[in-house]
Amino acid sequence: MLTLFFIFLKVGILGFGGGYAILPMIYQDVQAFGLMTADDFSNLVALSQVTPGPIAINAATYVGYKSYGLLGALVATFAVSLPSFVLIMIAMLFLEKFRTNKVVQAILYGIKPATVGLMASAFAFMLQTAIMIDPDLSWSSLAEGNLDYLALAIASVIFILVRYTKIGAIKLTLLGGVMGIVLSLLF
């Protein structure tokens with residue numbers, strides 16, 4: 001339980017860039033301690049998207065519950081939230097000073113592109129767990145036919161709809177679920 005607390009405390013302290021950017025960090029830690037498989041983590045990502053609230057908190061709650069039940073969920077959720085709460089309270093005290101401070105501005109200048117890199121890494125991970133038959137295999141295994149074509153078709157349709165329509169995320173997520181049901185029954 002203490003390990004779970006420190007995993008999510010670290011995520012809360014170092015997890016800049018929001019939920020998707022910190023997913024690789026969470027994944028590495030839960031894998032290192034054997035708390036869940038890649039497939040379980042893929043399910044976590046999917047459930048975090050369809051439940052209300054920030055992905056980091058949903059992920060912490062899910063991992064905590066899966067590992068240690070209700071108490072684990074509470075511990076992990078508290079741990080991931082604590083650093084943000086403390087930092088926001090401190091930032092509110094010095095808001096004006098931070099707004100004009102050149103060092104803070106320089107730090108933010110570096111954090112923004114780093115966040116894009118973290119989000120790209122999360123995207124690659126999510127893509128791998130969504131469209132590969134066995135997400136624990138490497139990308140080089142695609143040549144061996146390890147690609148889930150139905151999942152790729154669903155992802156492609158949703159991508160096109162996001163890009164060229166104004167359909168909301170909830171409707172698209174539900175559409176993806178319906179497409180999954182229909183395609184799995186047909187094939």
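All residue numbers refer to positions in the sequence shown, counting from 1.
Using a 4.5 Å cut-off between side-chain heavy atoms of Ile, Leu, Val, Met, Phe, Trp and Tyr, with links allowed through other members, Val116 and Leu108 fall into different hydrophobic clusters. Phe123 and Ile154 fall into different hydrophobic clusters, where Ile, Leu, Val, Met, Phe, Trp and Tyr are joined by side-chain heavy atoms under 4.5 Å apart, directly or via other members. A single hydrophobic cluster is not seen to contain both Leu47 and Leu175; linkage of ILVMFWY side chains at heavy-atom distances under 4.5 Å, directly or through other members, places them apart. Taking hydrophobic clusters as Ile, Leu, Val, Met, Phe, Trp and Tyr residues chained together by side-chain heavy-atom distances below 4.5 Å, Tyr68 shares a cluster with Leu2. In terms of hydrophobic clustering, with Ile, Leu, Val, Met, Phe, Trp and Tyr side chains grouped at heavy-atom distances under 4.5 Å, Val178 and Leu172 are assigned to a common cluster.
Here Lys112 pairs with nothing under the salt bridge (charged side-chain N to carboxylate O under 4.0 Å, His left out) rule; sequence neighbours left out.
Between Phe41 and the options Thr37, Asn43, Leu44, a side-chain contact (heavy atoms from CB on, under 4.5 Å) holds for only Leu44.
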Would you be so kind as to tabulate the donor-acceptor pairs closer than 3.5 Å made by side chains of residues 77-84, with sequence neighbours excluded?
residue: Thr77; atom: OG1; partner: Thr61; partner atom: OG1; Å: 2.5
residue: Thr77; atom: OG1; partner: Ala73; partner atom: O; Å: 2.7
residue: Ser81; atom: OG; partner: Thr77; partner atom: O; Å: 2.8

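By the 4.5 Å heavy-atom criterion applied to side chains, Phe8 and Val63 are counted as neighbours.
Note that the OG1 atom of Thr173 and the CD1 atom of Ile167 stand 11.5 Å from one another [nearest 0.5 Å]. Between the CG atom in Leu14 and the CG atom in Leu9 there is a gap of 9.0 Å [rounded to 0.5 Å]. Met179 CE to Leu186 CG: the interatomic distance, rounded to the nearest 0.5 Å, is 11.5 Å. Rounding to the nearest 0.5 Å places CD1 of Ile107 at 8.0 Å from CG of Asn101. Note: Tyr27 OH to Ser42 OG = 9.5 Å, rounded to the nearest 0.5 Å. In this structure, Leu70 CG and Leu74 CG are separated by 4.5 Å, a value rounded to the nearest 0.5 Å.
The minimum heavy-atom distance between Ile158 and Gly176, with the atom names listed, is CD1-N, 4.1 Å. Counting all heavy atoms, side chain and backbone alike, Met36 lies closest to Lys66 at CE-CD, 3.9 Å.
At most 12 heavy atoms of other shown residues, nucleotides or ligands fall within 6.0 angstrom of atom OH in Tyr65. Counting non-hydrogen atoms of other residues, nucleotides and ligands closer than 6.0 Å to CD1 of Ile170 gives a total of 12 or fewer.
Although no hydrogens or angles enter the test, the distance criterion places no donor-acceptor pair under 3.5 Å between the side chain of Ser67 and the main chain of Gly64.
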**OP:** Test Asp40 against Val30 for side chain to side chain contact (heavy atoms under 4.5 Å, CB included), laying out the working first.
**Re:** CA-CA 11 Å; Asp40 288 335; Val30 298; over 6 Å; no
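Within the structure, the salt bridge (Lys or Arg N to Asp or Glu O under 4.0 Å) test picks out no pair touching residues 44-60 (sequence neighbours left out).
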